[in-house]
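First up is the structure itself, then whatever we jot down about it.
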Amino acid sequence: MFDKYIIVEDTLRNTGDDDDVTGFQLGVRLPYYRGLGLSMVEDIEVTIDGETSSSASVSLTVHGNTYKLTDLPGVFDDRWEMGEVATVSVDKAGGLTEGPHSVAVRQRLRISYMPVPGGGTDHKTLTLRH
Amino acid sequence: MFDKYIIVEDTLRNTGDDDDVTGFQLGVRLPYYRGLGLSMVEDIEVTIDGETSSSASVSLTVHGNTYKLTDLPGVFDDRWEMGEVATVSVDKAGGLTEGPHSVAVRQRLRISYMPVPGGGTDHKTLTLRH
Amino acid sequence: MLNTAHQIKRGVSFYSYQEECFLKKMTLEDCVSEAGSIGAFGVEIIPEQSMTGYPHPGEAFYRDWDEWMEKYGTTTVATDLFLDTKRYPGRVMTLAEMTVSVRKDLDIAKRLGAQFVRAIINTPPEVMEACASYAERLGLKLLLEVHAPFHYEHPWILRHLEVMHRLQSPALGFMPDMGTFVERFPRVMSERALRDGARPKFVELAVETYNNRGDVHGLMDTFNYMGANPVEQGIARLSTFLTWNEPRVMLEHMPLIHHIQAKFYEMTDDGSEYSIPYHKIIPVLIEGGYDGYLSSEYEGNRHIQDIVEVDSVEQVRRQHRMFQRLLGEETTLDAGATQGNGVFADGGSNVR
Amino acid sequence: MLNTAHQIKRGVSFYSYQEECFLKKMTLEDCVSEAGSIGAFGVEIIPEQSMTGYPHPGEAFYRDWDEWMEKYGTTTVATDLFLDTKRYPGRVMTLAEMTVSVRKDLDIAKRLGAQFVRAIINTPPEVMEACASYAERLGLKLLLEVHAPFHYEHPWILRHLEVMHRLQSPALGFMPDMGTFVERFPRVMSERALRDGARPKFVELAVETYNNRGDVHGLMDTFNYMGANPVEQGIARLSTFLTWNEPRVMLEHMPLIHHIQAKFYEMTDDGSEYSIPYHKIIPVLIEGGYDGYLSSEYEGNRHIQDIVEVDSVEQVRRQHRMFQRLLGEETTLDAGATQGNGVFADGGSNVR
Ligand SMILES: [Mn+2]
Ligand SMILES: [Mn+2]
């Protein structure tokens with residue numbers, strides 16, 4: 001229901017040092033009208049310019065706490081709050097080039113009262129600035 | 001509706017010469033109460049002892065005509081008749097060992113009046129004899 | 001009712017013998033012979049099931065067919081067409097391609113000597129319209145099968161009704177499948193679910209909800225929240241494919257109804273269908289002046305083949321004994337008649 | 001009707017302001033303030049939406065909350081719980097774990113000063129039963145939300161009714177969502193489908209089938225055979241999630257009904273809800289002696305956020321002007337009252 005707000009404008013950055021760029025990150029929200037325990041965040045798929053990151057390379061930071069995507073199923077004591085801009089970080093040696101990138105984020109959420117997986121997809125063009 | 005009749009008993013054989021076994025084959029039926037044009041046979045998945053064959057290695061022979069599985073989408077002038085025992089051949093250097101094998105066959109069929117893919121699955125233990 | 005005059009005739013669709021034909025226990029000639037032997041003189045054939053080499057089975061096939069009709073005293077009443085709108089990968093047939101496909105099947109029906117052609121449910125109303133005059137020229141009627149869960153107020157059927165009422169073509173109409181009149185949940189289905197691993201409380205809830213005309217569409221969520229396994233979810237879905245309609249709904253549409261597929265799932269030992277009340281259906285057909293065939297469509301095989309050898313022949317015979325009774329015919333089909341027919345020597349007769 | 005005595009009160013669920021809260025345009029205090037300012041003195045809160053740090057927001061949160069209630073003249077009427085039965089990967093919670101989860105939310109409700117707790121629809125009847133005496137000890141009522149497509153003859157609700165009737169606990173009951181009374185297809189949904197790429201003939205067929213009480217479950221096959229695209233299939237599916245029930249069905253269950261979620265999708269410029277006939281619903285509630293709150297639940301935002309800036313505040317105000325009219329209150333909420341509130345300076349007021 002909040003798919004269009006998943007990707008936060010103007011948040012795409014490279015990570016690491018200037019002479020050792022190790023990846024990139026961006027701001028992402030849940031497309032849902034309440035917060036959700038992290039064990040129910042089944043997937044966050046980040047696709048940049050058509051290339052989808054492997055799940056092993058993705059991490060999520062909520063209010064200062066960082067988790068590997070692959071560890072989320074076991075996180076029972078932390079939540080992603082409604083509307084909270086979390087940071088999704090992706091390992092990628094060299095990071096992204098400066099300039100515009102096509103960014104797609106697809107989330108799969110396990111919502112107990114729904115018979116099928118929940119979640120949503122957003123697609124925006126973000127510009128990476130130094 | 002005829003899932004239990006997909007795999008035909010006592011039909012598992014190696015193919016090729018005695019000193020150059022190139023694969024194996026078995027008899028398979030459609031799990032459907034009518035024949036079907038081959039372009040609508042979307043997949044035939046053969047799993048032996050837990051190992052699923054790549055689609056590139058599978059061929060289908062109906063009444064003497066042999067087609068690669070990957071060519072079936074373009075076959076508009078031949079059918080797999082109801083109850084017809086077709087031969088599914090799989091390329092596999094050395095073939096299978098003599099003795100019993102766990103065989104699973106899953107078919108996916110495109111049935112126009114059904115909103116979801118049709119087809120079926122069968123699982124039997126067949127014994128390969130020399 | 002026994003003395004009510006009517007013109008209803010008995011027939012059988014070879015759909016009924018699908019298990020034996022699939023397993024090559026019966027040949028097509030066996031089907032014709034069996035139909036003739038039980039007085040089901042109107043036969044219905046599914047070309048894509050019974051014609052090797054469809055759509056071009058060869059002249060020999062048609063010669064044999066004509067000979068069998070003569071030899072066993074039967075006539076070809078109906079053929080069943082399919083419309084493979086998804087024949088080409090990645091796209092749906094155009095209406096023009098669909099029309100070509102239907103005309104091809106009308107030609108086959110004509111060659112077989114049929115009067116009626118079953119248009120399968122996914123046939124668009126536009127295609128029915130485009131084929132009406134062609135069918136009329138061939139002297140055929142193209143009849144949309146109204147199969148559960150479809151019914152005469154279903155949005156798809158309403159679109160077909162609009163075409164039929166607008167065109168007023170004698171070549172278009174309906175072929176109701178009596179599976180639209182399932183009054184209670186078929187026992188062969190609920191028992192199969194139990195054998196396949198559904199827990200009794202789920203099966204009972206589905207059966208009870210269906211039989212009480214409850215909200216079967218609500219079963220999916222209910223079962224989900226109750227922690228259903230896949231077999232249990234399957235029985236919830238199945239509950240939405242079964243329908244009960246008051247048989248009198250056919251009366252309004254009787255001018256469009258020319259052939260009836262007498263679907264059944266289980267003829268019990270006491271000679272009645274477990275789930276479909278033919279004793280309520282047949283009087284309505286008589287009242288409406290229906291003068292076509294009751295064409296047997298046995299569909300129980302798939303639900304019992306895991307535990308018994310299917311005996312479609314005996315099931316159809318039982319249905320015809322029931323028809324004779326309900327139509328006021330002299331009952332000529334003795335119980336146990338199956339035994340006399342050598343063709344089915346290896347068929348079990350205790351289906352249930 | 002204007003002079004009929006009744007005890008119905010007005011409230012608002014902060015579900016209504018989800019768009020503004022999500023985007024941080026409104027704080028939780030803004031929500032309370034706004035509710036108080038329109039006379040919606042009973043507030044309903046979704047802890048998992050509005051409480052940072054749920055389930056342990058800290059004492060400061062509760063202190064603030066209590067202060068706001070005092071300051072704005074509001075009271076906490078209800079909280080909404082969720083039950084994450086699928087919290088643990090690969091398995092469903094045990095009934096014991098579910099009970100623990102519900103009790104935790106009952107404790108939160110108690111701390112917030114609420115009277116009623118919304119049990120979400122997937123809460124099993126066994127869990128309601130296991131929590132009844134706990135809720136009773138806290139002075140709370142645990143109310144199952146009856147949300148479309150559920151209704152009082154739905155197999156899942158029948159299971160809950162069995163428990164409620166058997167236990168006769170004062171702590172169990174229902175919280176009907178007025179989205180079960182959608183008399184005509186919400187325009188915000190059909191227009192969104194058109195913008196998303198549904199072709200008019202599909203949208204019109206869905207709307208017409210729904211509005212004429214046709215077989216909406218038949219739309220999926222119909223659309224499939226008509227060559228529907230995914231957006232069109234979506235509107236067919238949506239048609240089966242919407243329901244119309246005669247509002248009088250609530251009368252029989254009135255002893256179990258203690259709180260009402262006044263769902264709405266679009267308050268039009270003329271001051272009525274486009275799809276839900278509150279002018280038929282409210283008289284039934286008065287007749288039934290309902291003495292709880294009408295708790296606004298605005299859910300139009302998701303359907304219009306692609307073309308306009310959502311103004312939930314104005315939509316809720318419009319609904320409360322309608323409530324005042326239908327409840328016979330003096331109409332104190334002027335049209336255009338939004339303008340005076342500086343908090344929403346950047347919100348568009350022309351939702352539609
Ligand atoms: Mn039929
Ligand atoms: Mn609600």
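Letters go in sequence order (proteins before strands), and every chain restarts at 1. Model, not experiment: these values are computed from the prediction.
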Practice task
In plain terms, say whether C:Asp306 and B:Lys4 are close enough for a salt bridge, that is, a side-chain N and a carboxylate O under 4.0 Å apart.
Solution key: no
Exercise for the section: Return yes if a side-chain donor-acceptor contact under 3.5 Å exists between C:His303 and C:Glu266, otherwise no. Expected result: no
Exercise for the section: Would you check, one step at a time, whether the test side chain to side chain contact (heavy atoms under 4.5 Å, CB included) holds for C:Tyr265 with C:Met189? Expected result: CA-CA 9 Å; C:Tyr265 301 106; C:Met189 298 182 191; 3.4 Å; yes
Exercise for the section: Hey, can you tell me if C:Trp65 and C:Phe61 have their rings parallel, tilted or perpendicular (30° and 60° cut-offs)? Expected result: parallel
Practice task
Between chain B and each of C:Ile121, C:Ile46, C:Ile120, C:Val92, count heavy-atom pairs under 4.5 Å; write down the option with the most.
Solution key: C:Ile120
Handout entry: Contact residues of residues 37-46 of chain B (partner chain C; heavy-atom separation under 4.5 angstrom)
Key = B:Ser39, B:Met40
Practice task
Counting only heavy atoms closer than 4.5 Å, note whether C:Met51 contacts chain B via side chain, backbone, both or neither.
Solution key: backbone
Exercise for the section: Let me see the working for C:Tyr298 and C:Gln319 under side chain to side chain contact (heavy atoms under 4.5 Å, CB included), right down to the final yes or no. Expected result: CA-CA 9 Å; C:Tyr298 174 54; C:Gln319 194 192 31; over 6 Å; no
Exercise for the section: Would you tell me whether C:Tyr17 and C:Gln49 have side-chain atoms, one donor and one acceptor, within less than 3.5 Å of each other? Expected result: no
Problem - Side chain, backbone, both or neither of C:Leu83 within contact of chain B (heavy atoms, under 4.5 Å) - result: backbone
Exercise for the section: Could you tell me whether C:Asp84 and B:Arg110 make a salt bridge, using a distance below 4.0 angstrom between a side-chain N and a carboxylate O? Expected result: no
Handout entry: Proximal component of C:Tyr15, with respect to chain B [non-hydrogen, under 4.5 Å]
Key = side chain
Exercise for the section: Identify the residues of residues 78-104 of chain B whose heavy atoms come closer than 4.5 Å to a heavy atom of chain C, ordered by number, or report 'none'. Expected result: B:Arg79, B:Glu81, B:Met82, B:Gly83, B:Glu84
Practice task
Under the side chain to side chain contact (heavy atoms under 4.5 Å, CB included) rule, what do C:Asp105 and C:Tyr54 come out as? Steps first, then yes or no, please.
Solution key: CA-CA 10 Å; C:Asp105 287 304; C:Tyr54 169 93; 2.6 Å; yes
Handout entry: Plane angle bin for B:Phe76 and C:Tyr88 - parallel if under 30°, tilted between 30 and 60°, otherwise perpendicular
Key = tilted
Problem - Candidate pair C:Glu44 and C:Phe116, rule side chain to side chain contact (heavy atoms under 4.5 Å, CB included), full reasoning - result: CA-CA 9 Å; C:Glu44 178 170 350; C:Phe116 308 116; over 6 Å; no
Exercise for the section: Identify whether the distance between the nearest side-chain nitrogen and carboxylate oxygen of C:Glu145 and C:Lys263 falls below 4.0 Å. Expected result: no
